[in-house]
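If you read the sequence from its start, that first residue is 1, and numbering goes on from there.
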Amino acid sequence: MKEIFQVTGAILLVFPLIALVLTYFICNKLRLTRAQSFGFAADITTLLLFFSVPIAIKSIWDLSLFIPIIIISMMIAIFITYVDWRTKKEIHVPFLFKKIWRIYFILLSTLYFGVWIAGLTKNIMEYVTGV
């Protein structure tokens with residue numbers, strides 16, 4: 001039973017798109033609206049992306065970027081909070097957290113697919129050149 005959880009967790013960390021699709025379909029079956037289903041699926045996937053992006057970078061280029069990604073995430077949160085405070089004068093914390101988390105989803109998803117394409121290209125080039 002322990003091995004099943006380990007394998008499932010490893011698969012979801014390596015392929016967070018699976019978590020996005022599964023969560024979306026489960027939420028749809030629970031009769032949430034499509035926007036709510038996608039939002040919840042994006043929230044779950046964002047958490048996985050925080051771990052899977054550094055793991056993918058580490059496996060391809062042998063660079064540990066977990067701490068820099070966390071620092072950049074904090075700087076983004078500070079910047080968005082400052083901009084929100086300057087424009088609205090009153091901060092609604094739940095909406096602010098939701099906005100920051102969704103921006104993380106977009107950025108980390110883009111970064112994940114970029115790393116995935118770069119890793120695929122690197123492996124193809126190594127295969128072609130025979131290095």
K88 atom NZ, neighbour heavy-atom count above 12 within 6.0 Å: no
Is W116 atom CH2 crowded by more than 12 heavy atoms from other residues, nucleotides or ligands, each under 6.0 Å away? no
Measure the spacing between [atom1] of [X] and [atom2] of [Y] and express it to the nearest 0.5 Å.
X: L63; Y: I57; atom1: CG; atom2: CD1; answer: 7.5 Å
X: F95; Y: D84; atom1: CZ; atom2: CG; answer: 11.0 Å
X: L12; Y: L47; atom1: CG; atom2: CG; answer: 11.0 Å
X: L17; Y: S109; atom1: CG; atom2: OG; answer: 9.0 Å
X: F79; Y: I100; atom1: CZ; atom2: CD1; answer: 11.5 Å
X: L30; Y: F25; atom1: CG; atom2: CZ; answer: 13.5 Å

Please say yes or no: joined through hydrophobic side-chain contacts below 4.5 Å, possibly via intermediate residues, are [X] and [Y] part of one cluster?
X: L120; Y: L13; value: no
X: I117; Y: L20; value: no
X: V93; Y: I103; value: yes
X: M75; Y: V53; value: yes
X: I4; Y: L22; value: no

For the residue pair [X] and [Y], what are the closest heavy atoms and their distance?
X: L108; Y: T46; result: CD1-O, 4.2 Å
X: P68; Y: S64; result: CD-O, 4.3 Å
X: T45; Y: P16; result: CG2-O, 3.7 Å

Any side-chain heavy atom of [X] within less than 4.5 Å of one from [Y]?
X: S37; Y: T33; answer: no
X: W85; Y: E90; answer: no
X: F40; Y: Q36; answer: no
X: M125; Y: T121; answer: yes
X: R102; Y: I106; answer: no

Output, in order, the C-alpha distance, side-chain angles, deciding distance and verdict of salt bridge (Lys or Arg N to Asp or Glu O under 4.0 Å) for K98 and D43. CA-CA 9 Å; K98 189 180 219 179; D43 292 342; over 6 Å; no
Backbone of L65 reached by a side-chain donor or acceptor of K58 within 3.5 Å: no
Should F50 and Y104 be marked as a ring pair (Phe, Tyr, Trp, His ring centres under 6.0 Å) after you check the CA-CA gap, both sets of side-chain angles, and the distance that decides it? CA-CA 9 Å; F50 266 109; Y104 289 161; 5.4 Å; yes
Mind telling me whether F38 and Y24 have parallel, tilted or perpendicular rings, with 30° and 60° as the class edges? perpendicular
